[in-house]
Amino acid sequence: RALDQRGCCGEKFLSRLTDQQEMRSLLSSLYGRRWAHTLRSKREARAEYLQRIPEVLQRQRFRYGVSKGAGTESQASSLLHLGLSQLDLRTVLDAGLATFFLHVDARIASELAEGFYTIGPCGEETLGIVAMALRDSDCAALHYRHVATSLARSLRAGVPLEQLMMDRARGFTVSSLDPLTGGNHCCIGGPNDPLVTSTLASQAPPAVGRALGSKLAHMLPNVAPTYPKDMVSYVSVGDGSVNNAHFLAAVNLSEYAQHKKFKCPVVFGISCNDLCISLKLDGWTDKFLHQRLGMPVFLCDGKSTAEVFTATRDAVQHSRTRGGPSAVVFKGLPRRFGHAATDRQQAYLTDEQIQEAMDTDVLLQMCHAVVASGVLSWAEVAERMDFLQHLSEKSFDLAAEEPKVLSREHVCALAAQRASPPAPRPSVEPKGPAQVMRKLMTKVFEEQLQDHPDLVYIGEDVEHGGYYTVTEGLHRKFPMRVADFPPDETTLLAAGIGYFQAGLVPVVEIPYAKYLDCGADMFHEAATLNWLSAGQKPVGLVVRLQGFDKGLFGGNFHTHNAIHMPPGVDVVCFSNGADYVRGMRYAIRQARAGKIVMSVDCTALLNERHLQPGDNQWLCSFPAARDERGFDEVTTYGSGKEVVIVTYGNGVRTGLLAAHKLRAEGRSVSVVDCPLLSAVPSELWAAVAGAQRVVFADICKEFQAPLSGHAIAMQNAGHLVSGWKLVAASRTYNPLGSLVTFLNEEDILAACRS
């Protein structure tokens, strides 16, 4: 219409425009610059260049192979005799073809700055058949190259192919309409399957946790398990990832469980192309399997559809019936092009090696197997190929035009589930004798275990009471739910993730704060899951971190005073038993709703009785039932506004001792106990209002002090007076048998007086 308004026939006018630049210039003048910057227009403008991309070349070769009916497949005629139906084989073929075409278009979109993820299958397209060896109700955490398995599982679950391909294109182009991540990342996952992205083998330990947790959930009364009783937890990795600590930890925990006669039906799938990006493994995986794995290992030729199905079926059947771990290894897969768009294969492979891999077209071999089984003719395969290639291209064109994640506030809101308010405080006063903090901690865990049949408490040495006797007697009362794990924080935290996904609410005890470093990556992995899934698949757990701060025994490795605080985790540190009880009740309720809460416990306070010698001021009675402490709550001791000391944990007692001396000097002082460390609690703003001076007294090390974040936030909001200071523990390591590096009274006094 715009052309006709200019007095010319649009169709004839456009037919005379042979120059691409002239065409783009015209369209830009008519419609602004939008057309010139669409994926479709960019693809047309650079069509000649794109034909030289290895993935595009492989697509052309594949189309030629289909047109000639080329390729061979060993035992192809036996596919229908393996118990597979024609629908199964059609599904597997669709999954393989869709995987391949999506990857090619992802590579094109990346080249044109419209796609942002290029890691994908280049030899694993045949692994869609793995889905046929699993049940829809099983759980599969899949390696990021095993897209075909994911697509086949979703197709079997009834998701339309058109929707699947559109959603995959949305992932590659990070559309905010991506149903898996909302545009935050590119992942694979499914109705029963957790999200996995390119993180080597971090999906493996939680898979073991799901296997263990599902069995435990079915053994406990009044628990609603997520998975059926005979579920199998399947997890896949590449052969390079078997060297990763996450994979080794997962294997160790699964075999330990079998040794202890715990049911752990997990299957490890390993695809082998003998390359770890550029690192040549030179057959190391075979040696690794022989030396390291004590579980049954089922080997197959990864290029053979029949062998892949048979080996996977046998491994799954073993784990389902025996309740133990197994592994299936897909050997001999080619890597037909680079690991990702940034991978320069020519730098570490010879031209002959690259060509040999390109010549091994496993997808074409699978097509031959489907044709040989009488499911489709070559003409029908070609027709399906054309349809899926067009569908993939169309999906990318549409997805690239959809909105991206542009709002910082939106992304920040996805870091964690929204917190629910604490229950209304009961009018009943605390009853019972005043006791030390440790005794009340034991009581609240006993109370919660008694009230909530899905609650479990796991850790190291917790069955006999733990290093600080906090779990004393609980294993005897709740033998299946208070349980020891091997001393490996990675699998301990991963078990917590898997337990929650299996229908339980876990409390995970880390014996010493320093030990969290050993499982830090899994801890951070858990923290990302709410954001990664756009709030759809959160993980809820309580991490109880003990062995923190001031103490003469154990030195730095048992008195660590630095805290991991990734987004997505609420971190609290209580100073007394009553607050701990109320706060832990609230924390467990938040975990059930999908939030991660870490409670950091100061060792020096566990058995403390006094503030001043003999006054018993640090003893508390057990709070009334259903009395919760929300994380926005602060407690103010005193009413002075000349100096307000903001602190937490051990710092509260230290601050009160310093305040006593300051009052003796005639100063007006108050101390604010602020347990929430990962954000500014709402009540803190009012607590410091009107203060002449605010001193943030942080028991963590300088430059690792959580209260520095509070101070900055309040300063930026214009809520702090100019006379504020932050004092923290020394930026060094804590020597054995000495308290010189910890925050002390003199540090706080000096900050208040200066």
Sub-6.0 Å ring centroid separation between [X] and [Y]:
X: Phe116; Y: Phe172; result: no
X: Tyr144; Y: Tyr117; result: no
X: Phe445; Y: Tyr457; result: yes

Keeping [X] on the side-chain end and [Y] on the backbone end, is there a donor-acceptor pair under 3.5 Å?
X: Ser670; Y: Tyr637; result: no
X: Gln536; Y: Pro179; result: yes
X: Glu683; Y: Val634; result: yes
X: Lys701; Y: Ser730; result: no
X: Asn561; Y: Ile699; result: yes

Between [X] and [Y], does any side-chain donor sit less than 3.5 Å from a side-chain acceptor?
X: Ser420; Y: Gln590; result: yes
X: Thr197; Y: His185; result: yes
X: Lys537; Y: Gln501; result: no
X: Glu525; Y: Ser202; result: yes
X: Arg629; Y: Thr635; result: yes
X: Asp698; Y: Tyr648; result: yes
X: Gln546; Y: Glu509; result: yes
X: Ser175; Y: Asp178; result: no

Which side-chain N or O atoms in residues 716-724 pair as donor and acceptor under 3.5 Å with protein atoms at least two apart or in another chain?
| residue | atom | partner | partner atom | Å |
| --- | --- | --- | --- | --- |
| Asn716 | ND2 | Ile712 | O | 3.4 |
| His719 | NE2 | Trp685 | O | 2.7 |
| Trp724 | NE1 | Gln715 | OE1 | 2.7 |

**Study point:** Criterion side chain to side chain contact (heavy atoms under 4.5 Å, CB included) on Gln612 and His660, from CA distance to verdict
**Key:** CA-CA 10 Å; Gln612 300 290 350; His660 179 75; 3.7 Å; yes

**Study point:** Glu628 with Arg585: basic N within carboxylate O range, under 4.0 Å
**Key:** no

Check your understanding: Hey, mind stepping through Ser599 and Asp601 against side-chain hydrogen bond (donor to acceptor under 3.5 Å, both in side chains) and telling me if it holds?
Key -> CA-CA 6 Å; Ser599 175; Asp601 303 344; 3.1 Å; yes

